[in-house]
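Written below as structure tokens is the structure these notes are about.
Residue numbering restarts at 1 for every chain, and letters A, B, ... go by the order of the sequence lines.
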Amino acid sequence: MAGDAPRSRGRLVLARLLASPGVVIGGGIVVLLFLLAFVGPYLTHWKYTDIDYTALRQPPSAQHWFGTAGLGQDVYAQTLRGLQKSLIIGLLVALLSTCLAGLVGACAGYFGGWTDRLLIFFVDLMLVFPSFLIITIVSPRLKNSGWLAFVVLLAAFNWMITARVVRSMTISLKEREFVRAARFMGVRPLRIIWRHILPNCASYLIVDATIAVGAAVMNETMLSYFGFGVQPPDVSLGTLIADGTDSAPTYPWMFYFAAGLLVLFVLAVNLVGDGLRDALDPTAAAGRRPSRRTLRALRRRAAATAAVGSRGTPPALDAEGTA
Amino acid sequence: MTTTATELLTVRDLRVDFAGARGRGTVTAVRGVDLTLRRGETLGIVGESGSGKSVTALSVLGLLPGTAAVHGSVTLDGRELIGLPPGELTRIRGRRIAMVFQDPLSAFTPVYRIGDQIAEAVRAHQKTDKTAARRRAAELLDLVGIPDPQRALDSFPHEFSGGMRQRAMIAMAVANEPDILLADEPTTALDVTIQAQVLDVLRTAQRETGAALVLVSHDLGVIAQMADRVAVMYAGRVVETAPVDELFGAPRHPYTLGLIGAVPRLDRDGGPLVPIPGNPPALVDLPPGCPFAPRCPLAGDDCRTAEPPLTGSDGHQAACLRADRLAAERPAPADVYPVPPLPPAARPVDRSRLPQVLRVTGLAKTFPVLKGTVVKRKVGEVYAVDGVHLDIRRGETLGLVGESGSGKSTTLFEILGLTAPEAGRIELLGQDTAALSREAVHRLRAQLQIVFQDPMASLDPRLPIGDIIAEPLQAQRAPRERIAALIPELLTKVGLEPAHAARYPHEFSGGQRQRVSIARALAVSPQLLVLDEPVSALDVSIQAGVLNLLQELKATLDLSYLFVSHDLSVIRHLADRVSVMYLGRTVEQGPVAEVFTTARHPYTRALLSAVPLPDPAAERGRTRILLPGDPPSPTSRPVGCAFRTRCPLYATLGGEQRSRCEQQAPALDTAAEHGAACHWGGE
Amino acid sequence: MLRYLAKRLAYYVVLLVVSVFLAYALASSALNPRAYFEAKQPRPAAAAVDRQLTDLGINSHTPITVRFGHWAGNLVVHGDLGRSIHDTSVNAEFGRRLVVSLRLLVLGSLLGMLLGVAVGAWGAVRQYRISDRVLTVVSFVLLSTPVFLLALFLKNGAIAVNQASGHQLINFTGYETPGLSGGLGAHLADWAVHLLLPTLSLALLGLATYSRYQRGTMLDVLGSDYLRTAEAKGLSRRRALVRHGLRTAVIPMSTLFAYNFLGVFTGATFTEIIFGWHGMGEWFITSIYENDTNSVVAVTLFTAVTVLLSGLLADTLHAALDPRVRA
């Protein structure tokens with residue numbers, strides 16, 4: 001059944017994506033950063049654990065591209081390793097939390113009644129529970145289970161607001177005629193959720209997941225910065241920034257490479273998310289707005305004709321004169 | 001010309017371009033419109049959606065969004081308005097030219113009181129203090145017939161009913177006694193009895209201020225009733241303009257002719273309507289020639305080379321090369337357009353011998369009323385449905401008529417839910433829904449299918465239509481091969497092509513989408529099809545084709561329809577029997593011809609008289625029963641007759657008779673062929 | 001009305017009790033105050049440690065439910081949050097820290113909200129012009145910077161400014177200069193200088209978030225029918241925009257306010273640490289380091305109550321702004 005039409009819809013979305021500078025630039029940066037994180041380490045012989053006793057706190061050079069840190073670690077290798085970790089954590093957290101949010105939100109919204117009340121109580125509880133603070137208590141105790149446990153923890157406290165949005169989307173979708181139609185045709189609830197509700201929340205979920213990647217990376221670095229996240233000897237952008245903070249004014253390379261990459265990555269992800277929203281969501285007004293150049297051309301044309309028209313108007317017959 | 005003295009507003013060669021979205025072309029919504037408005041007259045602009053009629057009205061006041069570029073000339077008393085600096089335009093808006101918008105709910109700022117918004121309009125142009133402006137606002141509300149204007153001043157827009165809001169909108173428009181009132185579909189969002197009130201208020205407002213009225217509408221009936229002159233728009237141009245009687249009596253443009261033939265009429269029996277084939281063109285990169293040529297049965301090669309100009313004499317102009325021929329021959333719509341033959345339905349004499357498909361007796365349903373955000377609480381109950389009786393036999397169409405809030409939709413959902421009702425009894429194919437097992441409900445669903453009002457909303461935008469049509473079959477666990485075989489067959493049956501199965505809903509026009517909806521409903525071969533306002537979202541020319549299809553399917557498949565509509569003309573056209581609802585109750589039921597000619601319930605009579613006919617001569621000869629006010633709130637359950645607060649008959653009764661209306665709720669004789677829930681019905 | 005208000009409050013109380021109990025249980029099982037005492041020099045006897053822990057109500061040998069019951073009972077009856085690990089009153093510390101934190105939280109979030117609304121609305125009206133694009137880019141960069149990093153950037157910037165000028169122009173440690181003499185004016189000026197950077201880091205973040213939302217709601221309003229009506233009756237564009245447009249576009253912002261509070265508080269925690277403010281957030285982190293269970297729970301209680309209160313406040317604000325939802 002995959003004829004022209006699905007392709008043309010895909011092409012439409014693709015065309016809209018490519019027309020958005022945010023997606024192109026942001027997407028480009030994300031791809032480059034991934035390449036840097038996963039291919040970059042092979043470009044130098046330094047490992048992130050290596051220590052060069054001959055170079056302590058050296059500025060960037062041909063030998064050490066991003067300079068060296070206090071013990072003679074290669075900042076380039078360290079930064080890329082940190083970037084790798086941060087990227088993986090961000091992606092996994094976003095994936096996990098979005099799936100959870102979609103599931104909980106759709107079920108609460110669709111079934112209503114006690115299912116809804118229980119799930120919403122749980123969501124409210126998680127919201128009232130100062131989640132971020134709880135992570136700071138728990139995560140250092142998870143040292144032994146490694147960073148995957150940290151991922152689960154971050155995801156567990158990052159889905160509630162999305163779930164609430166999905167719930168209210170589901171409630172309004174449930175009253176939409178195509179869902180009603182399916183219900184009156186005898187389609188079973190879980191099938192309706194799977195076939196009609198979730199696909200129609202998909203644009204929101206995709207956009208939200210994109211933005212959640214950025215948020216997860218920010219949370220991860222923030223926690224790691226204060227020593228509650230990724231634990232040594234592993235490194236993430238957060239631990240690197242923490243190590244470099246005090247040296248920032250005097251040895252800026254120890255701080256600004258990690259900090260800069262962090263901001264750049266989150267920025268790029270946010271740009272992609274914003275562009276995706278415009279391209280995927282046909283109701284988002286921004287996607288339909290014309291480009292400025294066409295607008296300006298049209299206005300100029302209109303102004304020209306208007307000027308010609310008004311020249312012939314006798315001034316005595318204006319609105320003030322006759323009223 | 002000598003007429004210039006009376007020419008108040010002239011529009012010459014108006015063009016409006018909308019900048020397209022990224023990667024899309026410019027949409028030219030208006031392509032060279034000429035209009036003339038004289039002092040005190042009413043000009044009707046009629047056209048289907050996308051014809052550019054609203055854009056024309058908005059561009060006069062410079063109210064189009066920033067994406068629009070307006071060219072051409074609009075002069076008010078000889079003064080050019082296009083290109084006027086914003087400050088100057090501000091002084092004209094609301095004072096010389098005022099506007100009444102389509103949707104009165106979204107047209108008022110939700111956070112301010114009605115009185116303040118009207119007073120603001122007064123103070124925008126007159127140097128008065130706040131109390132004087134408020135006093136003026138109260139006068140204006142009184143003028144448009146809002147009861148208790150002092151209290152209404154302090155109401156918020158959401159506290160008003162649709163009709164009240166539109167009255168307030170008119171009050172605001174006439175606040176500064178403008179020379180011109182622009183009314184953009186002022187009654188489209190309203191019920192027919194409320195529409196009659198609002199049209200009456202518009203006439204009053206026009207009489208009091210002496211303003212010229214530009215009435216934009218898609219409804220030929222409203223135009224026939226109100227306008228002195230009419231301009232018909234198609235694809236961004238005026239294709240015909242003439243005095244109202246001329247236009248309806250002897251149209252010179254095939255499009256006008258087709259429109260008149262496509263409208264079902266309240267005063268005529270069924271029979272096929274005249275559909276205009278095809279769809280209006282997209283207004284991006286139009287090919288040369290007459291834009292109507294692809295749909296026109298009279299079009300020849302000469303029509304496809306250049307767009308014909310608007311020409312003609314004695315105030316009757318048409319943009320068509322065949323105008324002279326139409327003027328000379330005066331054909332009926334069916335002479336020009338091909339009309340599909342409909343198989344005649346076999347009508348047996350005694351319906352009581354037909355098998356019963358649906359029987360509803362004494363159905364009731366209440367909803368809780370919730371209030372507040374800080375603290376949500378239940379403050380009462382809405383008696384949405386409170387005594388509905390329906391009876392449908394094999395092969396019959398029952399038209400269910402009622403205005404918004406009459407409980408039509410609730411009734412439908414109660415029937416479709418296939419569960420035990422709160423009160424009363426629902427029998428589908430002889431089975432009481434209260435006594436069904438889950439499995440039986442699931443099986444019964446195949447016998448009962450629904451077509452919704454909005455064909456865009458009722459089709460999942462993310463599924464190809466093949467999958468959409470397959471859904472009820474899958475729900476009934478039909479084997480895969482059978483589904484694959486059925487889909488092309490179903491598509492052909494509703495007038496689409498089997499190759500369309502892979503396309504998505506958004507690639508179809510409104511009429512085609514509604515055909516998809518019908519195909520989906522037919523997939524499981526139901527016995528009863530519930531049609532919930534199936535054509536009210538469609539343009540007239542498209543609607544005719546869908547109605548013809550429904551008639552044809554019914555005849556060939558021996559279906560029963562429960563056809564819900566607020567449009568009495570459509571019901572008259574399609575239904576065998578009709579059931580009228582008011583405030584959650586069935587007030588009258590009977591064979592369609594009988595009810596429409598000799599209605600027994602005063603509400604039915606008022607309803608029928610409120611429907612405008614697309615025939616100016618017939619319109620002038622009618623007496624209209626205007627119902628006062630709005631239907632009462634369904635949150636309280638009235639003692640006695642629910643209609644008596646607005647009943648014209650009750651108003652004429654003596655004290656003794658009145659007390660019967662007040663104390664005793666009239667019952668509907670459900671056994672009778674034609675019955676009305678009125679104590680004095682049929683007298 | 002009262003019954004329903006009571007119902008809602010009851011729901012809040014249940015939420016509060018459950019969440020505080022969970023936080024208490026979590027803190028009690030994850031933190032190890034015993035280690036704090038055992039690490040003292042000279043190492044105290046096990047029995048002495050045990051007694052001290054029992055006195056403070058944080059002895060892990062007592063079942064958690066019993067400990068919680070005792071703690072909660074004291075809180076309800078005496079309003080007592082217990083004693084810290086240093087055997088000082090948690091209540092006293094709570095009061096001290098609260099004043100410090102509120103100064104930062106209230107000012108930072110209010111400033112961020114007001115500026116955000118103004119900037120967002122302005123950007124929407126000037127959509128696609130250079131100024132709007134610049135604002136959009138700036139807010140995106142701000143949104144992509146974790147608050148601790150923003151604070152660090154500001155701090156480094158201040159260091160650079162101070163070095164360049166040779167004076168301590170911008171003071172970024174603590175919330176006042178200890179032992180400052182002089183009149184009220186000098187004290188106020190001193191406060192202002194200390195407030196500058198932490199408030200700025202919170203306000204900038206708020207500004208970025210709120211302005212994006214406000215720009216969106218304002219854009220929706222710009223295409224609305226009622227704005228067109230306002231212009232059609234002869235109001236100038238500017239007057240219509242402010243009186244009818246902006247007034248309606250701020251309504252959805254009230255809901256955002258509630259959801260955003262936790263984010264602001266989290267942000268404030270790190271701002272406090274980086275700028276050396278002894279507020280609630282900093283207290284929380286140090287309490288975790290020190291295994292000070294009661295203090296940790298006290299801060300948790302504080303945030304939970306504040307989240308619920310801001311939710312209530314947001315709903316009230318929503319009802320005040322929007323007559324459609326008014327009860």
| message | A quick test of your reading: do over 12 heavy atoms of other residues, nucleotides or ligands sit less than 6.0 Å from OH of C/Y11? | response |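 Counting other residues, nucleotides and ligands, OH of C/Y11 exceeds 12 neighbours.
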| Do A/D124 and A/R164 meet the salt-bridge criterion of a basic N to acidic O distance under 4.0 Å? |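 Judged by the 4.0 Å cut-off on N to carboxylate O distance, A/R164 and A/D124 do form a salt bridge.
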| Lys/Arg-Asp/Glu bridge criterion (N-O < 4.0 Å) met for A/K85, A/E220 |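 No salt bridge links A/K85 with A/E220.
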| task | Heavy-atom pairs under 4.5 Å with chain A are the metric here; pick the option from C/V305, C/L16, C/L143, C/V14 that has the most. | result |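 It is C/L143.
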| said: With chain A as the partner, which of C/G281, C/A27, C/A304 has the greatest number of non-hydrogen pairs under 4.5 Å? | reply: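 Result: the option with the highest number of such pairs is C/A304.
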Region of [X] in contact with chain A, defined by heavy-atom distances below 4.5 Å:
X: C/I273; result: side chain
X: C/L15; result: both
X: C/Y12; result: neither

| Are side-chain N/O atoms of C/T217 and C/Q214 paired as donor and acceptor at under 3.5 Å? |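 Yes, a side-chain donor-acceptor pair sits under 3.5 Å.
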| message | Does the plane of the ring in C/F68 sit parallel, tilted or perpendicular to the ring in C/Y24? Use 30° and 60° as the thresholds. | response |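 Ring orientation of C/F68 relative to C/Y24: perpendicular.
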| query | Where on A/L125 is there a heavy atom nearer than 4.5 Å to chain C: the side chain, the backbone, both, or neither? | reply |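 For A/L125, the contact with chain C is made by backbone and side chain together.
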| So what's closer than 4.5 Å to chain C heavy atoms on A/F265: side chain, backbone, both or neither? |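 When you check distances to chain C, no heavy atom of A/F265 falls under 4.5 Å.
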| query | To the nearest 0.5 Å, what is the distance between CD1 (A/I241) and CG (A/L261)? | reply |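 Separation between the atoms: 9.0 Å.
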